[in-house]
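Below: the structure, in structure tokens.
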Amino acid sequence: MIGEFIDGPLWYFSITAFVIGVVWRIVAIVRAGLKPDLSIARGSAGSGAVRAIFSRFVPERTVTTRSRLQLIAGYMFHVGLLVLLFFAQPHVDFIAERITGFDWPAVPHWVFIVTAEFAFAGLILLWLHRVLNPVTRLLSDLDDHIGSILVFLVMLTGCLALAQSHESLRLLHLFLAEVFLIYFPFSKLMHAFTFVMSRGYTGATMGRKGVNA
Amino acid sequence: MSEQFEQGVAALRNQIDARISSYLSSCVHCGICAEACLFYTETQDPRYTPIHKIEPLKKLWKTENTFWGKMAKSMGLIEPLTESDFAQWEELIYDSCTLCGRCSMVCPVGNDITYMIRKIREGFSVAGYAPDGMKEATKRALNIGSPMGVTLKTLKAALAHVERDTGLSIPIDKANADYMTLFSSMEIVNFPEYIESIAKIFDTAGVSWTISSKAFEATNSGIQIGNRDAAAELVGRVVNAAETLGVKYVVSPECGHAYTAIRWEGPNLIGRAYDFEVIHILELLDKLKVEGRIKLSGKDDTPMTLHDPCQIVRRGGVVDPPRNLLNSVADHFTEMQDHGVMNWCCGGGGGVSANERAEPLRLKAFDRKKHQLEELGVNTMVTACANCRIILEEGLEHNEMDTEVVSLTELLAEHLQSGNT
């Protein structure tokens, strides 16, 4: 009974809330408006925006030494999570069945295991850094912790459900993923989409000035 | 809640545009910006983490624009913005930020944190939460025409000295000149050699130029304190003077924030494009050199390095001209490890130099520049900003360092080959 609810109505509700919520947040940002810049541009805003969207994937040398742990953990977690999300066999099957109607090659089982270990290690290190480092401890709020814990639980139950021997574990994983999807638009998890906008706005402004940001 | 505070909150609310909304939506509190801020690196005080400095803006945005923020506010779980927030954060946004923009270069999600601090100052200044030194400087700029109280009489006295020393005539209010030059008060009072240098260079290059008796001051305290009306008034004076004289260009002097004010913020402050172009003195000198209108001779073999003024280079985009120019007169020009758009600030920009109570913190932050110089082992530092120059000299004096600070324009004038036009 509860399984059917998680597999059916709750899934459709959560994915709908996620899509509408994300679109609503992005539209709200754009609707906040931006006055046209009347100064004479030295360079191109468009190419500045595109450059910043990609160049910020590579950290500046000035922060690579002291923030090394955070940067490495950040890459481990984010790359790991993306691989797990889009290239784990159960996810490929699920997305093909429920959303796209077609599938694509998944990573081998051993890659899944290694990637999951990297992603877990990255997430745990980032969270430990958040609570132990004086700077991140000062900055962090409840939303940051809820986001970290939700992702951790979704990943953990996902690994537990991997064997696919217990339907209840799969449902628990799906249920947490649905909670995650519903929480997503209301939280800092939105940075997964808005980082393109923030990098783009800054890159455009700096690009007009002729500065590679 | 006082009426002035409410006006400040309203002014702050008006600053929240799509850029700021995207920045606040994207920030994941990673704190990496801390490592780019000299106030944090030199004190290790987490409060000086750049993104922490915009907390009041974030609080306002959160309680008025986010689901959880609105809900928490309605349930009384979160306090709305209070005067106490402004009182607590005043030091963070004015004393420990030079608007240098270095944090904005390292944020993984691309947040222009400096833009937010510049904007948050708009709310604070309206609410009356700004350092006395900056308030007074702004008042003097509006009433007298200069944050240091320099009048036309003072300028004329300085120009008379220049004319006597050079034998040149300095044109004032010459209609239809190609270039109208601006000066910072600090150049007029502390470094008249700068005026002498450009007079010599312009004369040699045959530049048609003038100074306006109505608007000669380049600095803009309104930008620094974050008061849009004051900033617009000060820019407007320059624009009116330049358009009345019918000049083709306004020359921004060796002053960092003056360039940002007139070149990048100015048109947006007065709500229209200018009838003239703005050019930085270094861009103009580089142009004159490329066109062969000035020739430089006798390279200096003293080891030299370049201190990049943040507002000219990182926030202004004048990155190559100072290097081209310095390389043409210096045989041993060595860059600091962090240079160009990633250079470290002198510690006195963004109005910090006009803020007396910030002096101990500023001198502590100077340790970063001290470290850079010690690492390089060069005893001559060239720069192109009168404010940087004063701040660097004070820091060097405080640390008993034997380093000379030289103006790039003045250095070029020393190497000017006369009669080459």
Side-chain angles (χ1 to χ4, degrees), chain A residues 25 28-40 42-43 52-53 56-57 59-63 65-67 70-71 74 126 130 133-144 147 185-188 190-191 193-195 197-203 205-206 208-213, chain B residues 16-23 25-36 40-41 44-47 49 51-52 65-68 101-102 104-112 115 263-268 270-274 277-278 313-319 337-338 341-342 344:
Chain A
R25 283 288 303 272
I29 290 171
V30 174
R31 277 173 57 90
L34 203 59
K35 287 181 183 155
D37 194 335
L38 301 171
S39 62
I40 299 171
R42 181 185 283 125
I53 288 169
R56 293 287 171 117
F57 283 118
E60 275 289 340
R61 192 195 56 79
T62 199
V63 296
T65 312
R66 291 213 237 180
S67 304
Q70 236 180 324
L71 293 168
L126 284 176
R130 187 175 286 292
N133 181 277
V135 168
T136 42
R137 195 167 55 233
L138 175 73
L139 297 176
S140 298
D141 56 22
L142 188 62
D143 185 18
D144 297 311
F186 302 102
S187 71
K188 283 289 173 59
M190 271 300 292
H191 78 277
F193 291 98
T194 57
F195 85 91
M197 303 175 83
S198 48
R199 285 185 187 179
Y201 281 130
T202 297
T205 309
M206 299 305 274
R208 290 187 88 259
K209 293 179 177 180
V211 174
N212 293 343
Chain B
I16 301 175
D17 57 10
R19 273 178 81 180
I20 290 178
S21 299
S22 76
Y23 295 158
S25 300
S26 296
C27 178
V28 288
H29 296 149
C30 71
I32 283 177
C33 52
E35 298 298 345
Y40 172 76
T41 60
Q44 294 294 302
D45 185 340
R47 292 185 315 124
T49 302
I51 198 69
H52 180 64
N65 296 276
T66 71
F67 176 82
W68 297 120
R102 206 164 184 276
S104 303
M105 301 295 282
V106 305
C107 174
V109 293
N111 285 355
D112 187 350
Y115 173 76
R263 173 69 174 89
W264 299 114
E265 288 212 30
N268 300 310
I270 64 167
R272 68 172 175 88
Y274 306 147
E277 284 184 42
V278 174
V313 181
R314 180 163 41 244
R315 305 293 282 181
V318 184
V319 186
Q337 191 178 32
D338 289 318
V341 296
M342 286 311 293
W344 290 94

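Residue numbers begin at 1 in each chain, while the letters A, B, ... track the order of the sequences. It should be emphasised that the depicted structure is a prediction, and the values quoted were computed from it without experimental measurement.
- The closest side-chain donor-acceptor pair between B/Arg102 and A/Thr62 falls under 3.5 angstrom.
- Looking at A/Pro185, neither its backbone nor its side chain comes within 4.5 Å of chain B, counting heavy atoms on both sides.
- Put simply, of A/Met206, A/Arg31, A/Gln70, the one with the most heavy-atom pairs under 4.5 Å next to chain B is A/Gln70.
- In this structure, chain A has a heavy atom under 4.5 Å from the side chain of B/Tyr40, while its backbone stays farther away.
- Using a 4.5 Å cut-off between heavy atoms, A/Leu142 makes no contact with chain B at all.
- If you measure heavy-atom distances from A/Arg208 to chain B, the contacts under 4.5 Å come from both the backbone and the side chain.
- Only the side chain of A/Thr205 has a heavy atom closer than 4.5 Å to any heavy atom of chain B.
- Using a 4.5 Å heavy-atom threshold, the side chains of A/Pro59 and A/Ser67 count as separate.
- For B/Val278, no part lies under 4.5 angstrom from a heavy atom of chain A.
- Of the residues considered (A/Arg66, A/Arg130, A/Met190), A/Arg66 shows the highest number of contacts with chain B, using heavy-atom pairs under 4.5 Å.
- Looking at B/Gln337, the atoms closer than 4.5 Å to chain A (heavy atoms on both sides) sit in the backbone and in the side chain alike.
- The greatest number of non-hydrogen atom pairs below 4.5 Å with chain A, out of B/Thr49, B/Val341, B/Asp112, B/Val28, is found for B/Val28.
- Checking B/Ser22 against A/Ser198 by side-chain atom types alone, no donor-acceptor pair falls below 3.5 Å.
- Taken to the nearest 0.5 Å, the CG atom of A/Asn133 stands 9.0 Å off from the CG atom of A/Leu139.
- With contacts defined as side-chain heavy-atom distances shorter than 4.5 Å, the pair A/Lys188/B/His29 qualifies.
- For A/Asp144, the part sitting under 4.5 Å from any heavy atom of chain B is the side chain, from C-beta outward, and nothing else.
- Taking 4.5 Å as the limit, every side-chain heavy atom of B/Val106 sits out of range of all side-chain heavy atoms of B/Glu35.
- A/Pro134 touches chain B through backbone and side chain together, each having a heavy atom under 4.5 Å away.
- Of the atoms belonging to A/Met197, heavy atoms from both backbone and side chain fall under 4.5 Å from chain B.
- Contact count versus chain B (heavy atoms, under 4.5 Å) is highest, among A/Leu71, A/Thr202, A/Val211, for A/Thr202.
- When B/Ala273, B/Gly101, B/Cys27, B/Gly271 are compared by the number of non-hydrogen pairs under 4.5 Å with chain A, B/Cys27 comes out ahead.
- With respect to chain B, the highest number of heavy-atom pairs below 4.5 Å among A/Arg42, A/His191, A/Arg137, A/Glu60 belongs to A/Arg42.
- For the pair B/His52/B/Cys33, no side-chain contact is recorded, criterion being any heavy-atom separation below 4.5 Å from C-beta on.
- The backbone N or O of A/Phe186 lies less than 3.5 Å from a partner atom in the side chain of B/Trp68, making a donor-acceptor pair.
- Both the backbone and the side chain of A/Val135 come within contact range of chain B, judged by heavy atoms closer than 4.5 Å.
- Proximity of a side-chain donor or acceptor of A/Arg199 to a complementary backbone N or O of A/Ile53 within less than 3.5 Å is detected.
- B/Ser25 and A/Arg25 share a donor-acceptor pair across their side chains, judged by distance under 3.5 Å alone.
- Side-chain contact check for B/Pro267 versus A/Ser39: some heavy-atom pair is nearer than 4.5 Å.
- Ranked by non-hydrogen atom pairs under 4.5 Å with chain A, the options B/Gly316, B/Ala18, B/Ala36, B/Gly110 are led by B/Ala18.
- Contact annotation for A/Asp141: both backbone and side-chain heavy atoms come within less than 4.5 Å of a heavy atom of chain B.
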Go through it in stages, so that I can follow the logic: the residues are A/Lys209 and A/Asp37, the test is salt bridge (charged side-chain N to carboxylate O under 4.0 Å, His left out), and I'd like the CA-CA distance, side-chain angles, deciding distance and then a yes or no.
CA-CA 11 Å; A/Lys209 293 179 177 180; A/Asp37 194 335; over 6 Å; no

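- Judged by distance alone, the side chains of B/Tyr115 and B/Asp17 do bring a donor and an acceptor atom under 3.5 Å apart.
- Among the candidates B/Ile20, B/Ile16, B/Thr41, B/Val319, the residue making the largest number of heavy-atom pairs closer than 4.5 Å to chain A is B/Thr41.
- Ranking B/Arg263, B/Arg47, B/Arg314 against chain A, the residue ahead of the rest is B/Arg263, based on heavy-atom pairs under 4.5 Å.
- Of the two parts of B/Met105, the backbone and the side chain both hold a non-hydrogen atom closer than 4.5 Å to a non-hydrogen atom of chain A.
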